[in-house]
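In what follows, a single structure is set out as structure tokens and then discussed.
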Amino acid sequence: MGRPAGLPIGRTTERRPTPVTSHPTVGVLALQGDVREHLAALRAAGAEAVTVRRPEELAAVDGLVIPGGESTTMSKLAVAFGLLQPLRERVRAGMPAYGSCAGMIMLADKILDGRDDQETIGGIDMTVRRNAFGRQNESFEAAVAITGVDGGPVEGVFIRAPWVESTGAGVETLATLGDGTVVAVRQGHLLATSFHPELTGDQRVHALFAEMVRGASAGSR
Ligand SMILES: NC(=O)CC[C@H](N)C(=O)O
């Protein structure tokens, strides 16, 4: 068969095998919260980043960031958009996920001071207390040294932040404040921070997560 008329020289209509991508795609759950800042931080860390609002979009990403915002609203919207079960399934199946602040709450197996009807995706064997720092400390910054993040402490921005009240045996504590409060954890493919690294212009936490996504996609090929 000849070349179909009208196609420029050098282009063919044959199907090529799907290329093995060396750039896994990281989604940012875009129901509510500071989505743009996470997209920018992921891109600055060298990752491909897209928004996720629908189950088909979730199915197409290799990892997912769950942003800060309001976990009660995010929980309601996840149900309304038909995303809660697909999110639970993908997290259970090993998709890397990173939750910051409200995102940390979404990844917690148990929460304290949540709303009665509040759902989480779960996945990390921990109990997280919402708005834990109280009125005096609604918003503050602190230098946070994180295991696995080289080059000194990151600037932690805490905004009506949760803290980790207790963790199960499989959960690694990555960072604590001076008084021992746990503010960053990892359980295998899941990462969570009480604070917002996407607001600081420092991409090291996003680079750590992008590396987790790359590792998981390389392992699954
Ligand atoms: N900055 C944040 O993400 C705040 C979290 C919020 N207090 C919540 O419960 O969901």
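Ligands are counted one by one from 1 in listed order, and the atoms in each one are counted from 1 as well.
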Subject >> Point-to-point distance, once rounded to the nearest 0.5 Å, from CG of Leu174 to OG1 of Thr193 >> reply: 9.5 Å
Subject >> Protein heavy atom at shortest distance from atom 10 (O) of ligand 1 >> reply: Ser71 N, 2.6 Å
**OP:** Scan for ring pair (Phe, Tyr, Trp, His ring centres under 6.0 Å) pairs involving residues 162-188, sequence neighbours excluded, and state none if there are none.
**Re:** Phe133-Trp163
Subject >> His196 contact mode with ligand 1 (heavy-atom cut-off under 4.0 Å) >> reply: side chain
Subject >> Heavy-atom nearest neighbour in the protein, as seen from atom 7 (N) of ligand 1, with distance rounded to 0.1 Å >> reply: Asn131 OD1, 2.5 Å
Subject >> His206 side chain vs Gly46 backbone, donor-acceptor pair below 3.5 Å >> reply: no
**OP:** Going by heavy-atom distance to atom 4 (C) of ligand 1, choose the closest among Gly68, Gly69, Ser100, Gly103.
**Re:** Gly69
**OP:** Would you mind checking which non-hydrogen protein atom is closest to atom 2 (C) of ligand 1, with the distance to 0.1 Å?
**Re:** Cys101 SG, 2.8 Å
Original post:
For the side chain of Arg186 and the backbone of Val171, is there at least one donor-acceptor N/O pair under 3.5 Å apart?
Top reply: no
**OP:** Find all atoms of ligand 1 within a distance of less than 4.0 Å from any non-hydrogen atom belonging to Ile105, and give their numbers and elements.
**Re:** 8 (C), 9 (O), 10 (O)
Original post:
Is Arg160 salt-bridged to Glu70, cutoff N-O under 4.0 Å?
Top reply: yes
Original post:
Got the closest protein heavy atom to atom 9 (O) of ligand 1, with its distance?
Top reply: Arg130 NE, 2.7 Å
Subject >> Residues forming a side-chain hydrogen bond (donor to acceptor under 3.5 Å, both in side chains) with Arg88, sequence neighbours excluded >> reply: Glu119
